[in-house]
2 protein chains.
Amino acid sequence: MDVNDEIRASGKRMTRTRRAVLSVLEQSQYPLSPTELYAQLKKHKVAIDLVTVYRNLVTLKELGLVTQLELHQEGQVRYEMREGRQHHHHIRCKSCGRIVDLLLCPLKKLTAVIEKETRFVVGDHSLEFSGWCPRCQ
Amino acid sequence: MDVNDEIRASGKRMTRTRRAVLSVLEQSQYPLSPTELYAQLKKHKVAIDLVTVYRNLVTLKELGLVTQLELHQEGQVRYEMREGRQHHHHIRCKSCGRIVDLLLCPLKKLTAVIEKETRFVVGDHSLEFSGWCPRCQ
DNA sequence: TCGTTACTGCAAGTGGATTGCACTTACCAT
DNA sequence: ATGGTAAGTGCAATCCACTTGCAGTAACGA
Ligand SMILES: [Mn+2]
Ligand SMILES: [Mn+2]
Ligand SMILES: [Zn+2]
Ligand SMILES: [Zn+2]
């Protein structure tokens with residue numbers, strides 16, 4: 001079941017703008033903020049409103065097709081396609097803002113410890129590193 | 001050197017409002033958002049502007065007297081006193097919003113691995129768990 | 001006590017994100 | 001293929017956390 005089918009199967013529709021949003025996300029090498037995505041769409045001459053970008057991102061997130069990252073140092077949110085890639089985290093350069101995947105999650109084992117210690121039922125976690133990338137050192 | 005001295009030593013002044021902000025933070029069992037802190041101050045009949053709360057928090061953070069948490073799921077920031085307590089992380093209840101300390105950091109060992117893999121120089125990290133607390137399960 | 005300058009309050013401004021509503025369009029049933 | 005319905009869109013307004021400008025206030029060292 002590809003992205004198109006996923007959308008249709010949920011009762012959503014595949015529209016001109018939704019296709020364009022997905023296309024930009026699929027081609028991006030790094031997670032995009034709504035504003036960046038909007039700028040990309042303008043560059044590709046796609047007539048779309050920023051609100052529509054936001055609403056599509058919400059929908060795609062609800063469908064589990066994109067992941068929302070909260071790189072809160074930035075005061076904005078970013079999205080990346082979920083397809084294929086597994087759960088992972090990111091590191092962000094404090095100087096140039098570059099964001100790189102960390103293909104690991106060291107926290108799976110920790111959940112049991114936390115649940116025992118706090119009596120919470122652990123759901124999600126967010127983890128983000130920041131530092132200086134090779135170019136900016 | 002206590003909090004008062006730290007402030008004075010840096011050329012800052014110990015004002016009525018700053019004392020009040022510190023007092024509320026010191027008595028809180030959990031990290032406070034600027035708005036919550038402001039509400040607490042009102043309850044204690046402290047005449048203060050929300051802007052002054054914000055500015056004091058910035059100052060106290062710069063002095064290293066408070067730690068700013070970025071529990072980004074909330075869309076707001078929280079502060080807690082730093083005094084004594086060491087680096088740690090938090091878990092937040094998705095239902096009632098309660099925030100609890102996790103007295104551990106599993107990431108120190110990981111820094112070397114990440115630096116080797118990404119060639120970044122790692123600075124900070126932020127880590128936050130969410131789930132359901134005992135009462136909300 | 002006085003003068004410097006950190007600090008405060010009030011008002012306005014920013015920027016990311018959300019909401020209301022009328023209009024449009026995808027797409028399923030006929 | 002067509003038409004009806006409900007999802008989706010654009011535009012404007014709004015929200016909300018947070019910041020900035022500035023004139024007036026007050027901390028505190030000389
Ligand atoms: Mn990624
Ligand atoms: Mn804490
Ligand atoms: Zn993880
Ligand atoms: Zn840590």
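The chains referred to below are lettered A, B, ... by the order of the sequence lines, with proteins before strands, and numbering in each begins at 1.
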Whole-Å distance separating the [atom1] atom of [X] from the [atom2] atom of [N]:
| X | N | atom1 | atom2 | result |
| --- | --- | --- | --- | --- |
| B:Leu32 | D:dA17 | CG | P | 15 Å |
| A:Glu36 | C:dA17 | CD | C1' | 16 Å |
| B:Asn56 | D:dA27 | CG | C1' | 13 Å |
| B:Leu60 | C:dA6 | CG | C1' | 14 Å |
| B:Leu69 | D:dA17 | CG | P | 17 Å |
| A:Leu41 | D:dG10 | CG | P | 10 Å |
| B:Arg19 | C:dC7 | CZ | C1' | 13 Å |
| B:Asp49 | D:dC18 | CG | P | 15 Å |

When every nucleotide of nucleotides 20-30 of chain C is labelled 5' to 3' by its protein contacts under 4.0 Å (heavy atoms), B for base, S for sugar-phosphate only, - for none, what sequence of letters results?
B----BBSS--
Looking at A:Arg119, is its backbone amide N or carbonyl O close enough to the side chain of B:Gln137 to form a donor-acceptor pair, meaning the two atoms are under 3.5 Å apart?
yes
What pairs meet the salt bridge (charged side-chain N to carboxylate O under 4.0 Å, His left out) rule with one or both residues in residues 19-36 of chain B, with sequence neighbours excluded?
B:Glu36-B:Arg78
Can you run down the salt bridge (charged side-chain N to carboxylate O under 4.0 Å, His left out) pairs that involve residues 2-16 of chain A, sequence neighbours left out, and say none if there aren't any?
none
Any base atoms under 4.0 Å from B:Leu50, or only sugar-phosphate, or nothing? Heavy atoms, all strands.
nothing
Pair listing, side-chain hydrogen bond (donor to acceptor under 3.5 Å, both in side chains) test, anchored in residues 43-57 of chain A, at least two apart
A:Arg18-A:Asn56
Could you name each residue pair satisfying side-chain hydrogen bond (donor to acceptor under 3.5 Å, both in side chains) that touches residues 94-104 of chain B, not counting sequence neighbours?
A:Asp124-B:Lys94, B:His88-B:Asp101, B:His90-B:Asp101
Kindly give the cluster partners of [X], where membership spreads through any ILVMFWY side chain lying under 4.5 Å from a current member.
| X | value |
| --- | --- |
| B:Val51 | none |
| B:Val121 | A:Trp132 |
| A:Leu102 | A:Ile91, A:Val100, A:Leu104, A:Leu107, A:Leu110, A:Ile114, A:Phe120, A:Val122, A:Leu127, A:Phe129, B:Ile91, B:Val100, B:Leu102, B:Leu104, B:Leu107, B:Leu110, B:Ile114, B:Phe120, B:Val122, B:Leu127, B:Phe129 |

Could you point out which residue of B:Arg82, B:Glu80, B:Lys61 forms a side chain to side chain donor-acceptor pair (under 3.5 Å) with B:Gln68?
B:Lys61
Residue pair B:Ala47/B:Gly11 against DNA chain C: nearer the 5' end by closest nucleotide is B:Gly11
Anything under 3.5 Å between a protein N or O and an N or O of nucleotides 13-16 of chain C, put it in a table, one pair a line.
none

